Amino acid sequence: MTATKGLEGIVATTSSISSIIDGVLTYRGYDIDDLAENATFEEVAYLLWYGKLPNRSELAQLVKDLNQYAAVPSQVIDQIRTYPKDTNSMAALRTAVSSLALYDEEANDMSPESNLRKAIKLQAQIPTIIAAFARIREGKEPIAPKQSDSVAENFLYMLIGKDPDKVAIEALDKALVLHADHELNASTFAARVTVATLSDIYSGVTSAIGALKGPLHGGANEAVMAMLEDIGTFEKAEAYVNEKLANKEKIMGFGHRVYKNGDPRAKHLQKMSEQLGKITGNMNWYNMSIKIEEIVTGQKGLKPNVDFYSASVYTSLEIPRDLFTPIFAVSRTSGWTAHILEQFENNRLIRPRAEYTGLSNQKYVPIDNR
Ligand code: ACO
């Protein structure tokens, strides 16, 4: 038995949800470029769960369900009030999502209808949890969700406490479309491994949030912004990045396990970053990002991934830096839950092997003789 480090190149399951073939990302056969230009996040979530784009009445029903489930049990909100004020936002989300199961009577109902309903509930409640956490830690009262056609609109409304402007809603909606699913990425794999034991959907999504938190995965968008803030001004970007590369440090937001010729999502986020920079009158983050891309791609041949321009996009929307990865989770909940449903449809325990590299032929030595 020979191990493949990081499972690189290993095909661990079949899936009909999303594909990455020759650098093209599709959801259910639709090119991400097509969806990014035309679809709303709710249409995409429907597509991932049901395998087809919704017609008007199907979409209206999904929006109705999302609105119906968006409120979070008061016990979970009360629990968030007890979190230390400096709690990591992804740790807070992971804990709160795990707690949702305690207040859902159908948490352990494994029927397909119940699991689909819980997927929609999770999609509806995760934005509410994040917005509540963000307000509570600032000493503000959480804002109840309103009736809305859009997850993006409702999230921004609950976060800022007033109706968000159209540009912000459209930008966040597009970001949600772009992050919704991505084949067998680390967090989706974590979700599938968990539910393949026939554990419940809340456990699967809690595992996925834990995996997304890391800076090599979803946590990279926050790390990118930390880097941009650290650099501060356009003039300092070149020396900063050159020094990091000379020290063999990674530049967050670059490189990808699967895409070697560029992440197809990055160009959409780059365009949004530029547009939002113009609208807000602050091109600093965008200009700096372009400069960094020029250097990293020029020297290392590495292209930006989905996280690189997300950082300046969310900053232009005045979203606090440590909510970037939770927002990624809002979007990816659609993909995680679609994969969980697919795993249940044709389940087999996921249990690989390890190549043993430890000692052998050891004999027990009584404790006093060691
Ligand atoms: N900056 C500098 N060098 C890099 C970077 C980077 N961002 N990414 C890869 N490299 C280099 C590595 O140092 C390594 O060089 P070496 O062979 O000289 O040691 C080589 O490229 C291969 O890198 P690995 O880390 O082995 O590649 P892997 O496929 O395991 O990693 C990953 C992919 C984790 C995304 C990596 O590119 C990385 O750490 N990027 C920065 C973090 C990031 O942006 N993560 C978000 C990914 S997208 C997402 O999850 C949503």
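Remember, it's a predicted structure, so these values are computed and weren't measured experimentally. Numbering of residues begins at 1 and proceeds along the displayed sequence. As the structure lists them, so they are numbered: ligands from 1, and atoms in each ligand from 1.
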Considering only protein heavy atoms, determine whether one is less than 4.0 Å from [atom].
atom	result
atom 5 (C) of ligand 1	yes
atom 27 (O) of ligand 1	no
atom 10 (N) of ligand 1	yes
atom 21 (O) of ligand 1	no

Looking only at atom types and distance, does a side-chain atom of [X] sit under 3.5 Å from a main-chain N or O of [Y], one as donor and one as acceptor?
X	Y	answer
Lys244	Lys250	no
Lys140	Arg137	no
Lys248	Leu245	no

Find all atoms of ligand 1 within a distance of less than 4.0 Å from any non-hydrogen atom belonging to [X], and give their numbers and elements.
X	result
Asp307	46 (C), 48 (S), 49 (C), 51 (C)
Gly253	43 (C), 44 (O)
Ala220	43 (C), 44 (O), 45 (N), 46 (C)
Pro215	42 (C), 45 (N)

> Which part of Val296 is near ligand 1, with near meaning a heavy atom under 4.0 Å away: side chain, backbone, both or neither?
Replying inline: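 Neither part.
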> Should the proximity of Ala186 to ligand 1, defined as any heavy atom under 4.0 Å, be assigned to the side chain, the backbone, both, or neither?
Replying inline: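 None of Ala186 does.
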> Stepwise, does the salt bridge (charged side-chain N to carboxylate O under 4.0 Å, His left out) test hold for Lys166 with Glu170?
Replying inline: CA-CA 6 Å; Lys166 203 165 161 269; Glu170 282 174 7; 3.2 Å; yes
Salt bridge check: are [X] and [Y] linked by an N-O gap of less than 4.0 Å?
X	Y	answer
Glu293	Lys303	no
Arg81	Glu141	yes
Arg117	Asp65	no
Glu106	Lys121	yes
Glu274	Lys278	yes
Glu138	Lys85	no

May I ask you to decide if the ring planes of [X] and [Y] are parallel, tilted or perpendicular, using 30° and 60° as cut-offs?
X	Y	answer
Tyr50	Tyr46	parallel
His256	His182	perpendicular
Phe328	His217	perpendicular

Which residue holds the protein heavy atom closest to [atom], what is that atom called, and what is the gap in Å?
atom	result
atom 35 (C) of ligand 1	Gly255 O, 3.8 Å
atom 33 (C) of ligand 1	Arg257 N, 3.7 Å
atom 50 (O) of ligand 1	His217 ND1, 2.8 Å
atom 42 (C) of ligand 1	Met252 SD, 3.5 Å
atom 45 (N) of ligand 1	Leu216 O, 3.0 Å
atom 15 (O) of ligand 1	Lys300 NZ, 4.8 Å
atom 41 (C) of ligand 1	Phe254 O, 3.4 Å

Would you say ligand 1 has an N or O under 3.5 Å from any N or O of [X]?
X	result
Ile251	yes
Lys250	yes
Arg265	no
Gly218	no
Val306	no
Leu302	no

> Picking from Asn67, Asn154, Asp163, what satisfies side chain to side chain donor-acceptor pair (under 3.5 Å) with Lys146?
Replying inline: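 So, applying the side chain to side chain donor-acceptor pair (under 3.5 Å) to Lys146 and each of Asn67, Asn154, Asp163, only Asp163 qualifies.
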> Do the numbers put Arg135 on top of the ring of Tyr157, so that NZ or CZ is under 6.0 Å from the six-membered ring centre and no more than 45° off the axis?
Replying inline: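 No; the conditions do not both hold, so Arg135 does not lie above the ring face of Tyr157.
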>> So is Phe328 touching ligand 1 or not, going by heavy atoms under 4.0 Å?
In response: yes
> Is Gly219 in contact with ligand 1, taking contact as a heavy-atom separation below 4.0 Å?
Replying inline: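 Gly219 does not count as a contact of ligand 1 under the 4.0 Å cut-off.
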